[in-house]
S.K.: 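Sending over a structure as C-alpha cells; questions will come in a sec.
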Amino acid sequence: MQPRSLILTDLVKSYDRRTNAVDHIDLRIEAGEFVSFLGPSGSGKTTTLMMIAGFEQPTAGEIKLDGRAIEQVPPYDRNIGMVFQNYALFPHMTVRGNVGYPLRIRHMAKDVMRQRVDKALAMVGLSTFGERYPAELSGGQQQRVALARALVFEPGLILLDEPLGALDKNLREHMQVELKRIHKELGVTMIYVTHDQTEAMTMSDRIAVFNAGRIEHLGTPTEVYFKPRTRFVASFVGDSNLLEGTAGKGGVVEIPGFGPVATAATDLAPGAPALLLMRPEIFEVVADGEGASVTGNHLEVADVVNYGDSLLLIGKAGGQALRVRVPSRVAAGYEAGGRYGIRWNPANVQVVGG
Amino acid sequence: MYSEKTFPIKLVAGLIALFIAAPMFIVIPMSFSTAPSLEFPPPGYWLGYYQRFFTDRNWTLPLFNSIVIGLGTTVLTLALAAPAAFALVRHDFRGKALLNLVLMMPLVVPHIVMALAYYSYFGALRLVQSYTGLILAHTCLSMPVAILILTAALKTFDRNLERAAANLGSRPLTTFRLVTLPVLKPAFLVAGLFVFIHSFDETVIALFISGRDTTTLPRQMFNSFLMQADPVLSAASSVLFTAVLIAVAVPAVMRAMRRRRPTPGRA
Amino acid sequence: MGSSVSRLLRGPAVLYLPAALFLLVFFLVPLFNVAWMSFTEPDTGVGNYIAFFSSSFDVGVLLNTFKTAAIVTLTSLIFAYPVAYVAARYGGAFGSFLLIVVTLSFWTSFLVRTYAWMVILGVKGPITAALVMLGWSPPPQILFTTFASTFAMTHLLMPFMILTLYAVMRRIDATYMRAAAGLGAKPLKAFTSIYLPLSLPGIANGSVLVFITCLGFYVTPVLLGSPRDKMIAGRIGDEIEQMLNFGGASAMAMVLLVATLGLFALYSRFFGLDKLWK
C-alpha cells in the first residue's frame, strides 16, 4: 500500500467556544513514519486523532492528506484505517465478516475479497479464527482482528487509539513488537495515541508530546528523552530530577545548596534562571575515599526501592530532593540512612528548554 | 469458620415461590377435567375442552382477533417507538422532558379510565368494535414498554461501532442497515414480544370497545368467567400459560446452550 | 414558514413527532375528553363531583379502594422481600429457580391467574374441601368476598414487586455485607444497618407502583370480589355499562386519575421514574 503523508496546520478544536481542547497544533508527518501522540488524558491527543479520522469537525485550521485538504470530507470517504481503543468489532459478524467489511462496502469481487481477508488474517496470526465471533476471542485476539480490519483495505494511514491499553503487560509488550513488524513490512504511515511513555519510546520514529491542547515537544524518542523542550516534557517522559538554579559563566549553573553544576549548554546568559534535568541513571555512586565525587556531593538516602534490575535511591543531596538509579549488579549494600558520594558526567546534564 | 445460616431464609423464599406457582398446578389438571363446572380434584380426564377451544367459533374467533390485534399493535408500536427512542437517546431538543413524560404516561393511567375515554371517543369516531380502534388503543398503552426497552438498549449501544463502520467506508444509511440495526435486533425482538403480550393480555379496554366480531380472547374469557359455566376457560388458561412458558423458557434454554459453546483460552 | 418546516424536518423532530402526535391524538385528547365530559355531561358545572362526594356509598367505595390498595401493597411487600433478597444475595441455581418461577407468573395474564383463584377458592375447590374435611360445616363462603379479591390481587402483584425489588437489590455489592461482618456486625445487625437501607429505593419503587396498579384494578375485584364492597374501577364500569351515566363515570375517572397521577408525581419527585429501569 502507498504510505500517505499528513499535515496539520494551526488546528483548533473548541467545544465551548472559550477553551480550546486542541490549541493551534502544527504537525507534519512524513509518509511511512510511525508517530506517537503522547500525553496525559485530556491533553488533546485523542481529539486530534478524531479530527484526522473525521469524527470531530475542527473549529479552525487545516488537515491535509497527501497534500489534499480533507476537513470537508466525511469519514467514510477518507480512506484512513483506525483501530479503536475498545476495538469496536461488530459483535454480530464473524472475524471474517469484520475484516471483510470494508471490502464488502467497496463492492469487491468475492474471490479477491477472500484472498485479501486471508492475507490480513495471516498477517496478524489469526488464520484459523475466521469463523469465530468477537465474543469468542480473547482481548489480544480481538485487538489483532481490529488491526487486520484496519489494514485490509490498504488505507496508507492508520490511526491507533490506545490500542494496547486493555491488555496485560506481557501481551502488550508482545503486541508492540508485532505492531512494529507490521509497520516495517507494510511501510504504512501510523499515528499511535498513548499515555504510556515506554510504549511511545520503544515504537516511534517521532513522538509528539501533548499537554493542555498543545504539542510541547516533537522529536525522536532520544531527543524527547534527553533534550526535553519544557519542564512538562522532562517530567512526563521518564523519571527525572529537575533542579532550579541560576546560570553562571561557561555553562555552569548554581543550584542552591547543591552547588555549581557544569552543563554542556553554551548559550546561558549569566544571572538568568535555569532549569536542569538530571536523569536518575546518569549518577554513579562512589565510596568515599575512592576517588570521591568530582563535586563533593553526597546523597543522604531516605528510601531504597528495588526494581529487580535496578535500585532507586531516594533522598537528598545538598538540600535538594534527588532520585538516583543504580544497576543491581553494582548496587551492593545501599541502605536507607546511608550517605554516599555521587558523581556524573556533565555531558549528561541538560538545561531544559535550552 | 463462621458462616451465615442461610437455610431458614431460603426455605421461606422457596415456600413463597411455591405459593406463587401453585395456581398453575391447579389450573392445568383442571383443563383435562371431565367436570362441567369448577371442581377439584377432577372426577375424570379428557381433552374435550381443548378440542372445543380450538374448534368452537366462540373461542377460535377471539383467539384469531387477539393475534391480529396483537400483531398490528406490535408493528405500529415499534414503527413509532423506534425513531422516538433514537431521538430521546441521541439528540437534545426543546420539550424533551415533556415528550418523555407523555410517552411514559400510559404506564400509570388506570386502564378503566382509558376504557371510558376510548368508549366515548372512539364512539364518536366510529372506531368502536373495530380492529383499528383496538390497535390504536393498545399502541398507546404499549408505547412506554417499547420506549423503555429500546432506549435502554440504545444507551448501551457502543457508538464506536458506527464510527468504525464509517471509518471503514460505509455511508450513514449503510451503517444503519449493516451495523446499528443488526446489533439492536435482540432489543427489537424483546420489545416486540413484550408489546405483543401486552396487547394480547389486555382485558379492560377490550371489554369496553371490542364487540361481536372483534371480541378478543381476554374479553371472551372474562365473559365466560361471569357466566361461570364454560369449562373451556380452563383449557384457554392452560394454552395461554403454556405460551408464556415457551416464551420465557426458550430464550433461557438458548442462552444456556450458547454458553456451552467452546470458548478459547486467553491468548 | 416553509423554511422552519424544512429545518424541523432535518432535526430530531422527524424521529419523535410521529410518536408524539399519535399519543396526542389517540391518548391525550381522549383523556381530556373524559375531563370535559365530567364537567359537561349532562349539565355544565361541578354537579358530577358534588354527586360523587356527597354519596356515602361512593365515598365508601373510594375509601375501600385506598384501604385495599394499602393492604395489598403491604402484604405483597412482606412476602416479596425474602424472595427478592434470596435471589439477589445468594443467586446460584436456587436463585435462578426463584426468578424463573416469578418471571413465569409475571408474564401469565391476570385473567388466567384470577381464574386459578376462582377455582381454588370456589365452592367445589380444594380449600373448601379441606375445610369441610376439618369439620367446618357448613363451609364458609370464600369466593365473592373482599378477602378473596384482596388475596388474589396480592398474589397477582407479588411477582411485579419481587422483580422491582430484585432490580435494586442485585446492584447491592455483596462485599458490603462481608465488610459489615468483618467490622463486627452480627448478621441481623448487618442486614438492618446495611442491606435494608440500600434496598429502600426498591421498596419505594415497588410499593408505589403496586399501590397505583391496585387503585385502578378492575378485573380481579369484579370477578372475585364482593358485590357490596366495590372498588372504584368496578364502580366506573357499572356507571358506563349499566347506567350509561358518562358524566358521573367521567367524574369518578377523574378522581381516580388525579389520585394516581398525584401519587406518581410525588413519587417521581423523590425517586424519579428513569432510575427505575437503569
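Reminder, nothing fancy here: chain letters follow the sequence lines and each chain counts from 1. Here the structure is a predicted model, which means the values were calculated and not measured.
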S.K.: Just to be sure I understand the criterion: a residue of residues 178-204 of chain B counts if one of its heavy atoms is under 4.5 Å from a heavy atom of chain A. Which ones qualify?
M.R.: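 Hits under 4.5 Å: B:Leu178, B:Val179, B:Pro182, B:Val183.
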S.K.: Tell me, for A:Arg78 versus chain B, whether the close heavy atoms (under 4.5 Å) come from the side chain, the backbone, both or neither.
M.R.: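 For A:Arg78, no heavy atom lies under 4.5 Å from chain B.
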S.K.: Can you tell which part of A:Phe90 gets under 4.5 Å to a heavy atom of chain B, answering side chain, backbone, both or neither?
M.R.: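 For A:Phe90, the contact with chain B is made by backbone and side chain together.
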S.K.: Any side-chain heavy atom of A:Glu185 sitting closer than 4.5 Å to one from A:Met123?
M.R.: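 In short, these two side chains touch, coming nearer than 4.5 Å.
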S.K.: Which one of A:Met50, A:Arg104, A:His174 has the most heavy-atom pairs closer than 4.5 Å to chain B?
M.R.: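 Most heavy-atom pairs within the cutoff with chain B belong to A:Arg104.
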S.K.: Does A:Ala200 have any side chain to side chain contact (heavy atoms under 4.5 Å, CB included) partners at least two apart in sequence or in another chain, and if so, which?
M.R.: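 A:Ser36, A:Leu38, A:Thr194, A:Ser204, A:Ile207.
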S.K.: Can you classify the ring geometry of A:Phe37 versus A:Phe210 as parallel (below 30°), tilted (30 to 60°) or perpendicular (above 60°)?
M.R.: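 If you compare the ring of A:Phe37 with that of A:Phe210, the planes turn out tilted.
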S.K.: B:Asn167 versus chain A, heavy atoms under 4.5 Å apart: side chain, backbone, both or neither?
M.R.: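 The answer is both parts of B:Asn167.
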S.K.: Does A:Arg96 come within less than 4.0 Å of A:Asp118, counting only side-chain N to carboxylate O?
M.R.: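 The answer is yes: the pair qualifies as a salt bridge.
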S.K.: Scan for salt bridge (Lys or Arg N to Asp or Glu O under 4.0 Å) pairs involving residues 90-105 of chain B, sequence neighbours excluded, and state none if there are none.
M.R.: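 As it turns out, the salt bridge (Lys or Arg N to Asp or Glu O under 4.0 Å) pairs with a partner in residues 90-105 of chain B, which skip direct neighbours, are B:Arg90-B:Glu162, B:Asp92-B:Lys96.
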S.K.: Applying side chain to side chain contact (heavy atoms under 4.5 Å, CB included), can you list everything that pairs with A:Asp77, at least two apart in sequence or on another chain?
M.R.: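 So A:Asp77 forms a side chain to side chain contact (heavy atoms under 4.5 Å, CB included) with A:Val73, A:Pro74, B:Arg171.
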S.K.: Would you say the side chain of A:Asp161 lies within less than 4.5 Å of the side chain of A:Thr46, judging by non-hydrogen atoms?
M.R.: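 The answer is yes; the side chains approach within 4.5 Å.
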S.K.: So what's closer than 4.5 Å to chain B heavy atoms on A:Leu89: side chain, backbone, both or neither?
M.R.: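 Only the backbone of A:Leu89 comes within 4.5 Å of chain B.
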S.K.: Within the 3.5 Å criterion, strictly below it, is a donor on B:Tyr131 or B:Asn65 matched to an acceptor on the partner's side chain?
M.R.: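 Note: B:Tyr131 and B:Asn65 side chains meet the donor-acceptor criterion.
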